[in-house]
Amino acid sequence: MLQNIRVVLVNTSHPGNIGGAARAMKNMGLSRLVLVDPEDFPSGEAVARASGAVDILEAAQVVATLEEALVGCSVVLGTSARDRRIPWPLLDPRECATTCLEHVGLGGEVALVFGREYAGLTNEELQRCQFHVHIPSDPEFSSLNLATAVQVLTYEVRMAWLAAQGQPTKMSKLETTAMLNTQLVTADELELFYGHLESTLVEIGFLDPQKPRHLMSRLRRLYGRSAISRLEMNILRGILTETQKVVRGEPHKRRQDDV
Ligand code: SAH
């Protein structure tokens, strides 16, 4: 699916940007790069900036005109750092990604077209695109680096593609770790903790049972906000137990060594 979305770079001056764009594409699972009349390509600088995405550079198609780059595309989206005079259907990067996936989902091919570092795309080139895409940057400083603009759009394409595949956008290993640490305590375990906390506070003289002054309800409110995990509850209970041993003059741990 993603192989049917091509990135077209028009008349790029800096080979480093071509390498950066290739890297951004490979990170996001895109593979098809088309270069329209690049000023300096192939180049060692492009390879250096591509990092491990040299395969994308090697497979890049170099053509002389934008028309050649767009052959076979059912939709062409042209990116622009600023508003142009002629009103045109304008999409943000997220809408652009949805449009790309709609077309490739129907078996079509899509082109994302990026302009020159110094001058962007000409009005004539922009008029070859059905849609214009603008990354909503600060109007006072709206122009992104070329490879960075490629990164933003390909990232949105990947997010939309993952959603369409029903694939998670988080790493499963992280999720599992988070789950283990956030197995929440049950209401009855929490009650046992409050009982333990209250008796400890009485023992250390912090809570006067004759004048409790809402202390326990305030502490309940505090801990209640915390979504305490099993692991955290064990730590809290451990602290209370050790505190009681100290007040009672019983042998106790000196260091926090095995909570
Ligand atoms: N001075 C040029 C800036 C070109 S930046 C101009 O005013 O058009 C090089 C390319 O990066 C642009 O042609 C476009 O493809 C992309 N780009 C940079 N900033 C962008 C933005 N805010 N939205 C969409 N594309 C952007």
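Atoms within each ligand, like the ligands themselves, are counted from 1 in listed order.
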Which of the ligand 1 atoms, numbered from 1, are nearer than 4.0 Å to a heavy atom of Val133: 24 (C)
Proximity to ligand 1 by part of Asn145, non-hydrogen separation under 4.0 Å: neither
Euclidean distance, Leu153 CG relative to Glu156 CD, rounded to 0.5 Å: 7.5 Å
Residue selection (non-hydrogen contact nearest atom 1 (N) of ligand 1) among Phe114, Tyr118, Phe141: Tyr118
Side chain, backbone, both or neither: Pro136 near ligand 1, heavy atoms under 4.0 Å: neither
Validation row: Gln61, Arg6 side chains within 4.5 angstrom (heavy atoms): no
Side chain proximity check, Leu126 to Trp88, heavy atoms < 4.5 angstrom: no
Option of least heavy-atom distance to atom 25 (N) of ligand 1 (set: Thr148, Thr79, Asp92, Val8): Thr79
Which of the ligand 1 atoms, numbered from 1, are nearer than 4.0 Å to a heavy atom of Ser143: 3 (C), 4 (C), 5 (S), 19 (N)
Where ligand 1 meets Glu117 - atom numbers and elements under 4.0 angstrom, heavy-atom basis: 3 (C), 4 (C), 5 (S)
Inter-residue atom distance Cys129.SG - Leu66.CG, 0.5 Å rounding: 6.5 Å
Under 4.0 Å to a heavy atom of Ser137 - the qualifying atoms of ligand 1, by number: 22 (N)
Geometric N/O contact Leu144 with ligand 1, under 3.5 angstrom: yes
Side chains of Arg128 and Leu121 in contact at under 4.5 Å (non-hydrogen atoms): no
salt_bridge(Glu242, Lys245) N-O dist < 4.0 Å: yes
Contacting atoms of ligand 1, where contact means under 4.0 angstrom from a heavy atom of Ser80: 21 (C), 23 (N), 24 (C), 25 (N)
Option nearest atom 4 (C) of ligand 1 (shortest heavy-atom distance, choices His134, Arg82, Arg116, His132): Arg116
Ligand-side contact atoms (ligand 1) for residue partner Ser142, heavy atom cut-off under 4.0 Å: 19 (N), 21 (C), 22 (N)
Euclidean distance, Ser43 OG relative to Leu57 CG, rounded to 0.5 Å: 8.5 Å
From CA spacing to verdict: side-chain contact (heavy atoms from CB on, under 4.5 Å), Val104, Trp161: CA-CA 10 Å; Val104 292; Trp161 179 76; over 6 Å; no
Sub-3.5 Å N/O-N/O distance, Leu146 and ligand 1: no
For ligand 1, the portion of Ala81 having any non-hydrogen atom under 4.0 Å away: both
Residue pair His14 / Glu45, side-chain donor-acceptor N/O under 3.5 Å: no
